[in-house]
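Below is one structure; the comments refer to it alone.
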Amino acid sequence: MAHAFGDFVFDAKARLLTHRGKPVHLTAKACELLQLLASRRPDAIAKKEIHKELWPDTFVSDVSLTTLVFELRAALGESARSPRFVRTVHGFGYAFQVADGAEGQDETPFCVIHDGREMALKRGENLIGRSRDCVVRLDSTRVSRHHARITVDGDAALIEDCGSRNGTAVGGNKIKGRVRLKDGDDIAIAGISVLFRVVDDASGTQATEWA
């Protein structure tokens, strides 16, 4: 699952943090901490529980966790005095948050159109399928619950099939792995047509030139 916040995208499965599309170095433990905090957002997690999750078979002092939080904050370009994402809950633990003004940065210029409906894509993971948690929901028995996903990272929108029964195609070609989408691409989800579009921020209209 991908988590988008501000100009960052964290792909938990790939253990990859990017800032405006560029990789940001994190140690393995820092990745685990970010994954834990982001997955429980906005709930606070006790230090004791974080220790249990990150060091299940080893005793480590609170200094180890403090050092790890410092590393994560440095990677996210923040500090304990001015946290945007990692909030200290004094006397308890830590929580993941999105500071005022950062949430709107999840918006992107990308959308998909199906059956006359326009659906905006956010930064991070956008699932396509029959399930209620999908950003693009297609009510057809031919479509798998989680059929495909479009991941928006920086200025790129990447589509991949989620191991569906009937496959995903772009421009008439069945895809394998991740494929970068361009304005006007016709996406076939089990044969159902979905149009990918890029919106021009300045005019609010759909772009006429292909990326």
Side-chain angles (χ1 to χ4, degrees), residues 1-108 120-137 145-146 148-154 158 160 162-163 178:
M1 180 179 180
H3 301 274
F5 46 96
D7 289 326
F8 293 92
V9 175
F10 177 61
D11 188 329
K13 188 174 181 181
R15 300 173 68 86
L16 176 65
L17 175 68
T18 58
H19 179 254
R20 296 179 180 177
K22 296 182 180 180
V24 178
H25 174 71
L26 280 180
T27 62
K29 283 297 179 186
C31 276
E32 291 176 20
L33 176 61
L34 178 55
Q35 181 177 353
L36 176 62
L37 293 174
S39 66
R40 299 278 287 275
R41 166 186 169 192
D43 296 342
I45 308 177
K47 289 182 181 179
K48 184 177 180 180
E49 184 176 353
I50 297 175
H51 277 275
K52 185 177 179 180
E53 290 288 337
L54 268 57
W55 298 280
D57 302 314
T58 307
F59 172 79
V60 295
S61 68
D62 281 347
V63 174
S64 297
L65 179 55
T66 301
T67 302
L68 197 59
V69 170
F70 178 84
E71 177 196 337
L72 180 56
R73 281 178 168 151
L76 297 175
E78 65 175 36
S79 66
R81 289 187 176 184
S82 303
R84 292 184 66 211
F85 306 115
V86 182
R87 177 170 62 90
T88 299
V89 182
H90 295 287
F92 183 76
Y94 298 94
F96 197 84
Q97 66 177 12
V98 174
D100 292 341
E103 193 71 61
Q105 295 179 29
D106 285 352
E107 297 177 359
T108 76
L121 302 177
K122 62 181 180 12
R123 290 191 184 276
E125 181 181 86
N126 299 267
L127 286 169
I128 305 173
R130 284 189 293 113
S131 179
R132 291 182 181 272
D133 63 343
C134 290
V135 173
V136 182
R137 192 177 177 200
R145 289 183 67 256
H146 290 165
R149 72 168 58 87
I150 297 176
T151 302
V152 178
D153 188 354
L158 307 166
E160 60 187 315
C162 297
R178 284 188 172 187

Open item on the list: Main chain of F8, side chain of R123: is a donor-acceptor contact present, judged purely on distance under 3.5 Å?
Closed with: no
TODO: Could you grab the distance from atom CG of L36 to atom CZ of F96, nearest 0.5 Å is fine?
DONE: 11.5 Å
- [ ] Report yes if some heavy atom in the side chain of L68 is under 4.5 Å from a heavy atom in the side chain of L54; otherwise report no.
- [x] yes
Open item on the list: With rounding to the nearest 0.5 angstrom, report the CG to SG distance, L127 to C162.
Closed with: 6.0 Å
Task: Nearest heavy atoms of G21 and T18, plus distance in Å - done: C-CB, 4.1 Å
Task: Test applied, side-chain contact (heavy atoms from CB on, under 4.5 Å); reference residue, V69; option that passes from I50, V86, L37 - done: V86
- [ ] Can you measure from CG (D57) to NZ (K52) and round to the nearest 0.5 angstrom?
- [x] 11.0 Å
TODO: Check Q97 against P83 and note the closest heavy-atom contact, atom names and distance.
DONE: NE2-O, 3.4 Å
Open item on the list: Please find the pair of heavy atoms, one from R87 and one from P42, that lie closest to each other, and give the distance.
Closed with: NH2-O, 4.4 Å
Task: Nearest-0.5 Å distance, SG of residue C31 to CG of residue L72 - done: 9.0 Å
Open item on the list: Applying side chain to side chain contact (heavy atoms under 4.5 Å, CB included) to L26 and R15, what does each step give before you reach the verdict?
Closed with: CA-CA 9 Å; L26 280 180; R15 300 173 68 86; over 6 Å; no
Open item on the list: I'd like to know if R178 pairs up with D11 as an ion pair, taking the criterion as any Lys NZ or Arg NE/NH1/NH2 lying under 4.0 Å from an Asp or Glu carboxylate oxygen.
Closed with: yes
- [ ] Determine, step by step, whether R73 and T88 satisfy the side chain to side chain contact (heavy atoms under 4.5 Å, CB included) criterion, reporting the C-alpha distance in whole Å, the side-chain angles of both residues, the deciding distance to 0.1 Å, and the verdict.
- [x] CA-CA 11 Å; R73 281 178 168 151; T88 299; 2.9 Å; yes
TODO: Answer with yes or no whether the side chains of T151 and D153 bring together a donor and an acceptor at under 3.5 Å.
DONE: no
Open item on the list: Going by ring pair (Phe, Tyr, Trp, His ring centres under 6.0 Å), F85 matches just one of F10, F5, Y94. Which one?
Closed with: F5
Task: From R145 atom CZ to R132 atom CZ, the distance as rounded to the nearest 0.5 Å - done: 11.0 Å
Open item on the list: To check you understand the geometry: which heavy-atom pair defines the closest contact between G124 and N126, and what is its length?
Closed with: O-ND2, 3.3 Å
Open item on the list: Please check this pair: side chain of E71 against backbone of A30, looking for a donor-acceptor N/O pair closer than 3.5 Å.
Closed with: no
TODO: Considering non-hydrogen atoms only, spot the tightest contact between D43 and A95 and give its length.
DONE: O-CB, 3.8 Å
Open item on the list: Nearest 0.5 angstrom please: L65 CG to H51 NE2, how far?
Closed with: 4.5 Å
- [ ] Taking all heavy atoms of H25 and all of A75, pick out the closest pair and write down the distance.
- [x] O-CB, 4.2 Å
Open item on the list: I'd like to know if R40 pairs up with E53 as an ion pair, taking the criterion as any Lys NZ or Arg NE/NH1/NH2 lying under 4.0 Å from an Asp or Glu carboxylate oxygen.
Closed with: no
Task: Pair R149 + E125, salt bridge at N-O below 4.0 Å - done: yes
